[in-house]
Number of protein chains: 2
Amino acid sequence: MVKRAGSGYKMRKRSANKAASKAAIIEVAIDLFWENGYNGTSLRDIAEACGFEAANLYNYFRSKEQLLYEAMQEELERFLELLEPVASDSRGAPVERLKRIIEIHVERMLVIGRRYKMMYDSEIRHLSPVHRKRIVALRDYYSELLFNIIEDGKKTGDFAADIDARFVVLIIASIIMRTVFWFSPKGRLSPAEIADMIYKIVLDGIRPRKQEVKARKK
Amino acid sequence: MVKRAGSGYKMRKRSANKAASKAAIIEVAIDLFWENGYNGTSLRDIAEACGFEAANLYNYFRSKEQLLYEAMQEELERFLELLEPVASDSRGAPVERLKRIIEIHVERMLVIGRRYKMMYDSEIRHLSPVHRKRIVALRDYYSELLFNIIEDGKKTGDFAADIDARFVVLIIASIIMRTVFWFSPKGRLSPAEIADMIYKIVLDGIRPRKQEVKARKK
DNA sequence: AAGCTTAATTAACAACTGTTAATTAGATTA
DNA sequence: TAATCTAATTAACAGTTGTTAATTAAGCTT
């Protein structure tokens with residue numbers, strides 16, 4: 001646009017692998033979005049954390065929205081790939097599959113991806129309609145996995161026949177989603193313990209079991 | 001600052017009661033914050049929705065942060081006032097008190113104050129340290145009410161003695177907080193039904209009860 | 001060494017942000 | 001009617017935002 005007296009440009013480093021640096025940018029962005037929200041994170045913030053100028057981001061992403069989308073999408077798909085084999089292993093007992101799903105989800109939530117959380121609800125609104133649909137579809141797929149486990153369990157008699165599976169799915173997801181708000185790595189509970197406690201409450205509630213009829217145990 | 005050739009100022013209406021219009025502004029602000037988040041809502045947005053110019057807001061609030069704080073604080077206190085008598089009615093059975101608390105909370109969440117939600121977690125970060133402390137204190141007070149009910153129930157034998165009351169409080173709050181994300185007024189479930197289902201799952205879980213021992217019923 | 005590709009740069013844009021100062025008009029009171 | 005009070009206004013501020021255009025330098029290929 002405007003001619004410059006071409007004097008002192010900054011020294012710069014070039015990163016070898018483009019895909020790799022793109023992934024690195026996404027990591028940085030997820031962290032910042034998590035901490036300050038989408039609107040609270042400027043492209044200059046992200047660029048600074050990456051060690052370059054803001055304009056350079058446009059060599060990787062068409063827009064800020066695109067960056068948000070790719071961040072969400074990648075993380076969600078990675079997550080679902082992890083879940084899929086466990087969830088749809090129709091040989092496993094529903095109770096066990098449920099336990100495992102909760103474990104994996106909590107673990108992923110707290111240990112690996114403490115960052116990628118609010119992405120999946122409040123920040124979704126910043127996506128374009130098309131992108132939003134895709135993310136919601138992935139999220140629904142998760143619900144579907146969980147739903148099938150519950151329904152299987154109702155058939156086998158592991159879960160009460162009169163429970164509303166859709167509703168239970170919401171409950172479980174709700175509990176896990178919010179762990180990330182109150183969890184502290186230094187706290188008294190480990191992710192594994194948390195997962196176990198969630199599992200137990202979902203299964204049996206907080207009321208004391210009337211005395212178990214041991215003979216009936218298979 | 002600068003002299004103006006005083007010609008055409010806008011026509012304007014004056015609202016009689018200052019406190020009333022302040023309350024009205026807060027209502028508008030809560031709605032917008034809910035829909036677009038704190039950072040996504042400009043003072044000009046709020047002013048426009050109120051029908052006046054942005055600068056006028058400073059006749060009511062010292063800053064945007066102050067507006068957010070007052071919005072949160074007012075709503076939270078109203079909520080706690082509602083809960084208090086039920087929660088600390090030590091004559092009522094813990095089971096019944098728990099049921100009522102869930103009912104009130106869900107109702108408030110979904111019917112009356114669908115808006116005032118994210119306030120209490122992600123948007124809290126926009127508060128100044130002092131204000132944040134006060135809001136968190138109010139929130140903790142809610143936890144305390146719930147905690148006492150659980151502990152009471154453990155003593156009376158209504159709840160299992162080995163459950164972690166702190167944890168249960170988190171679980172219940174988590175479930176209710178997130179109802180606002182998936183609830184639809186046109187959906188198949190009414191707030192009262194949702195409250196009831198939450199209550200039942202928290203109490204008994206999803207596993208089928210072994211046959212009840214009817215004789216033991218008091 | 002020359003040329004090409006591409007990841008980085010600088011500079012600028014228009015729009016928008018929270019906030020302040022000075023001014024004006026509507027209603028209430030004297 | 002005149003004086004007072006105060007809720008509203010206009011105008012401007014300094015900073016920030018996402019984004020674009022033009023330019024430069026680094027590394028690879030030839």
Side-chain angles (χ1 to χ4, degrees), chain A residues 1-26 28-29 32-33 36-71 123 126-128, chain B residues 1-26 28-29 32-33 36-71 123 126-128:
Chain A
M1 354 181 60
V2 171
K3 299 272 168 66
R4 293 186 54 258
S7 54
Y9 265 61
K10 217 193 210 176
M11 274 213 300
R12 64 186 82 168
K13 283 189 179 166
R14 288 170 55 94
S15 39
N17 184 346
K18 180 150 186 176
S21 26
K22 189 168 170 174
I25 294 172
I26 289 181
V28 169
L32 290 176
F33 285 152
N36 310 107
Y38 179 75
N39 275 326
T41 307
S42 74
L43 290 179
R44 283 166 182 84
D45 291 338
I46 297 173
E48 192 189 10
C50 289
F52 50 64
E53 300 300 313
N56 189 34
L57 286 167
Y58 286 83
N59 286 318
Y60 297 91
F61 306 94
R62 277 203 306 283
S63 66
K64 190 187 180 188
E65 190 268 343
Q66 179 77 25
L67 172 51
L68 174 65
Y69 170 68
E70 293 200 23
E123 303 295 25
H126 299 115
L127 293 176
S128 71
Chain B
M1 354 183 59
V2 171
K3 298 274 169 65
R4 295 185 55 257
S7 53
Y9 265 61
K10 217 194 211 175
M11 273 214 300
R12 64 185 84 167
K13 286 190 179 164
R14 287 170 55 95
S15 41
N17 185 344
K18 180 149 185 176
S21 26
K22 189 168 170 174
I25 295 172
I26 289 182
V28 169
L32 291 175
F33 285 154
N36 311 106
Y38 180 77
N39 276 326
T41 307
S42 75
L43 290 180
R44 283 167 182 83
D45 292 338
I46 297 173
E48 192 189 9
C50 290
F52 50 64
E53 299 301 312
N56 189 34
L57 286 167
Y58 286 83
N59 287 318
Y60 297 91
F61 305 95
R62 276 205 305 284
S63 66
K64 189 187 181 188
E65 189 268 342
Q66 179 77 25
L67 172 51
L68 174 65
Y69 170 68
E70 294 199 24
E123 303 296 25
H126 299 114
L127 293 176
S128 70

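Side-chain atoms are counted along with the backbone in the values below, which use heavy atoms only and exclude waters and symmetry mates. Order of the sequence lines fixes the chain letters, A, B, ..., with proteins taken first and strands second; residue numbering starts at 1 for each chain.
Rounded to whole Å, atom C1' of dA8(D) lies 11 Å from atom CG of Leu57(B). Here the P atom of nucleotide dT19(C) and the OH atom of Tyr58(B) are 3 Å apart, to the nearest Å. Rounded to an integer number of Å, the gap from CG of Asn59(B) to C1' of dT19(C) is 13 Å. The nearest whole Å value for the distance from the CZ atom in Phe61(A) to the P atom in dT20(D) is 15 Å. Going from atom CG of Asn17(A) over to atom P of dA26(D) covers 20 Å, rounded to whole Å. Computed from coordinates, the Gln66(B) CD to dT19(C) C1' distance equals 15 Å when rounded to whole Å. Atoms NZ (Lys22(A)) and P (dT6(C)) sit 15 Å apart, rounded to a whole Å. Counting to the nearest Å, the P atom of dT19(C) and the CG atom of Leu68(B) are 12 Å from each other.
His126(A) contributes atom NE2, which lies 4.0 Å from atom CG of Asn39(A) (distance to the nearest 0.5 angstrom).
Taking the six-membered ring for Trp and thresholds of 30 and 60 degrees, Tyr38(B) and Phe33(B) have ring planes inclined between 30 and 60 degrees apart.
The side chain of Ala55(A) sits closest to dT10(C) out of dT10(C), dT20(C), dT9(D). Considering only side-chain atoms of Lys18(A), the nucleotide from dA7(C), dG18(C), dA8(D) that sits closest is dA7(C). Side-chain proximity of Glu53(B) to dG18(D), dT19(C), dT9(D): nearest is dT9(D). Taking the side chain of Tyr60(B) as heavy atoms from C-beta on, and the options dG18(D), dA7(D), dA7(C), the nearest nucleotide is dA7(D).
Heavy-atom nearest nucleotides on DNA chain C were determined for Ala54(A) and for Ser63(B), and the one closer to the 5' end corresponds to Ala54(A).
Judged as a side chain to side chain contact (heavy atoms under 4.5 Å, CB included), and not counting sequence neighbours, Ala55(B) has no contacts.
Contact record, Lys22(B) with Phe61(B): CE-CE2, 3.5 Å, taken as the closest heavy-atom pair.
Not a single donor-acceptor pair, N or O on each side, falls under 3.5 Å between the base of dA7(D) and the side chain of Asn56(B).
The environment of Glu65(B) atom CD is dense: over 12 non-hydrogen atoms of other residues, nucleotides or ligands sit within 6.0 angstrom.
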Between the protein and nucleotides 14-16 of chain D, list every N/O to N/O distance that falls short of 3.5 Å.
none

